[in-house]
Number of protein chains: 2
Amino acid sequence: MKSNDQNDSSPAPAPSHEERDFLAQYDASGFPHPSVTVDVALVTAHEGVLKALLVKRVEPPHKDAWGLVGGFVGMEESLDEAAARVLEEKAGLKDVFLEQLYTFGAPGRDPRTRVISISYFALVDAKRLSEVGNGARTLAQLSVAWPAETGGPVVALGQDESPLPLAFDHAEILGALVLRLRGKLDYAPIGFELLPESFTLRALQDIHQTIKGETLNKDSFRRRMLASGMIEATGGREESVGHRPAKLYRFARGNTN
Amino acid sequence: MKSNDQNDSSPAPAPSHEERDFLAQYDASGFPHPSVTVDVALVTAHEGVLKALLVKRVEPPHKDAWGLVGGFVGMEESLDEAAARVLEEKAGLKDVFLEQLYTFGAPGRDPRTRVISISYFALVDAKRLSEVGNGARTLAQLSVAWPAETGGPVVALGQDESPLPLAFDHAEILGALVLRLRGKLDYAPIGFELLPESFTLRALQDIHQTIKGETLNKDSFRRRMLASGMIEATGGREESVGHRPAKLYRFARGNTN
DNA sequence: CAAATAGTGTCTGTTAGACACTATCAC
DNA sequence: GTGATAGTGTCTAACAGACACTATTTG
């Protein structure tokens, strides 16, 4: 599927750009141009805190620091496609919720050359974390690690500062991410993206509390969700939980009633 | 201040990039790179509708269509700085509220080459419109025009479609802009940016109604604004209005009470 | 005075928070 | 039964909408 020969006469597409030297770019008239990348924060809610996938950098700059997965934007792909590709190549995840966050382009954010990075965030159910790493091309090289498995290479996003040294301006990206999630939670269906298809009201409330960083009133949350029309009962219930089982709900796409 | 000689040995900075040929960019190894631009929507509320500054394009592509002001991002400036510079050079306005909106980068959005554009929006009081054009370097060339003066070269942003043919994906940018303004209005102080420093509650309500595209309850709006702590009375009042004059207020920065 | 809009006081319906109470599972 | 959480009913406080009424200007 992938050609290692850049001079191959067949129309070999994007992947080769990952291995190129990272130098300032010039056009035919000698005018320099910035490089354009996407950085993707893969986010989940785990044990009551928001967590994002970080990979340990094995080469300078910021060697041994932790960073988001990222890569160059190909000439033939949209920004959304680039973000999805990077997420699949470097984390092994497909078909996840993906949204553009913000574009960072301070002149000094990468010490090698001018790099403009469009940041994205992806939301996944914590149960899909086991997929991370499957088929990821550069996993071994970048030594991906995830909280559930190692307890280490994670940053908990909240009022506290990150406990890990982060590369580039990735701490700023994660800060903007938390604000975006908090701001959108009340009017956009992003909470459901962090849960499996069917879930209990309690689990949904936990997600909301994790994002907001505060406890919510149970009765009010319940009434509000049921009245919103955004969820519908699946008919099923929890099983083997040691107490009265809760009804299961699913996200009712389209109902804005 | 500006050098017309690109081979000048003094460290002549950014402005020359505007006149270059617009061709695909390649680095030393022959790998192509996208161009990076900023597009800025200068927005005001005028006669009950949102309006954005558009300039008529005098060269292909999209010759004779209307577009936002835009320009290349210089290698030494941040994205915010690039947006402010473009706004000053092409609309003659300085010191206005400016915020990044979204980044557009579909492969075909510019027929010449791959262009990734970080869009911004600027908010100004309608009374500052008279400044538009002052000192704008390329104004004559691009034939800037504004609603208040011509009635023509404007797009009214609302539920209706634009009556003007718009260049590139600028219609999409304006659509995203309206959604952003509506979404932020209730929790961010953006309404004040569309008004002079002192204003009446009625004028503020008009701005909110213009952005939301719906009428608001007068009593409730009044109570909400006064209780928010975001505004404070200046002590002054309207004059010569043919009816009871309203108190003047100003935006009380920082009060989130 | 009339015309017009600013601003106040009060009632009502809706919604959020609080809390008591009942329901249903595992053990 | 006990322990634990799900789910319901009801009271209350806060707030938005509605509307009547008063206040203050220009002409």
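Order of the sequence lines sets the chain letters (A, B, ...), proteins ahead of strands, with each chain counted from 1.
Atoms CG (B/Leu248) and P (D/dT25) sit 13 Å apart, rounded to a whole Å. As a whole-Å value, the separation of B/Glu238 CD from C/dG7 C1' is 13 Å. Between the CE atom of B/Met225 and the C1' atom of C/dT8 there is a distance of 19 Å, rounded to whole Å. Rounded to whole angstrom, the span from the CD atom of A/Glu239 across to the C1' atom of C/dT24 amounts to 14 Å.
For the pair A/Lys247 and A/His243, both in contact range of DNA chain D, the more 5′-proximal nearest nucleotide belongs to A/His243. Of the two residues near DNA chain D, A/Leu226 and B/Asn217, the one whose nearest nucleotide lies more 5' is A/Leu226. The 5' end of DNA chain C is approached more closely, in terms of each residue's nearest nucleotide, by B/Asp219 than by the other of A/Phe221 and B/Asp219. Both A/Ser220 and B/Arg244 lie close to DNA chain C; mapped to their nearest nucleotides by heavy-atom distance, the more 5′-ward contact belongs to B/Arg244.
Minimum heavy-atom separation, A/Leu194 to A/Thr44: CD2-CA, 3.8 Å. Taking both residues in full, the closest heavy atoms of B/Arg128 and B/Asp95 are given as NH1-O, 3.3 Å, listed atom of the first, atom of the second, then distance. For B/Ala83 against B/Val40, the heavy-atom pair with the smallest separation is O-CG2, 3.8 Å.
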For the pair B/Arg223 and B/Asp219, evaluate salt bridge (charged side-chain N to carboxylate O under 4.0 Å, His left out) and give the outcome as yes or no after the intermediate values. CA-CA 6 Å; B/Arg223 266 184 310 217; B/Asp219 312 83; over 6 Å; no
Report the C-alpha distance between A/Leu42 and A/Leu93 in whole Å, list the side-chain angles of each, state the deciding distance to 0.1 Å, and finish with yes or no for side-chain contact (heavy atoms from CB on, under 4.5 Å). CA-CA 9 Å; A/Leu42 177 60; A/Leu93 274 182; 3.4 Å; yes
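Judged by distance alone, with hydrogens and angles left aside, B/Lys218 brings no side-chain donor or acceptor close enough to the base of D/dG17 to form a pair under 3.5 Å.
Two rings, from A/Phe199 and A/Phe192, have their centers less than 6.0 Å apart. Side-chain rings of A/Phe104 and A/Phe168 stay apart, their centers remaining 6.0 Å or farther from each other.
Among the protein residues, B/Arg223 comes within range of the nucleic acid bases, having at least one heavy atom under 4.0 Å from a base atom.
Picking from D/dT25, C/dA16, C/dG7 the nucleotide with the shortest atom distance to the side chain of B/Arg222 gives C/dG7.
The stretch residues 199-208 of chain A touches DNA chain D through A/Arg202, each having a heavy atom under 4.0 angstrom from the strand.
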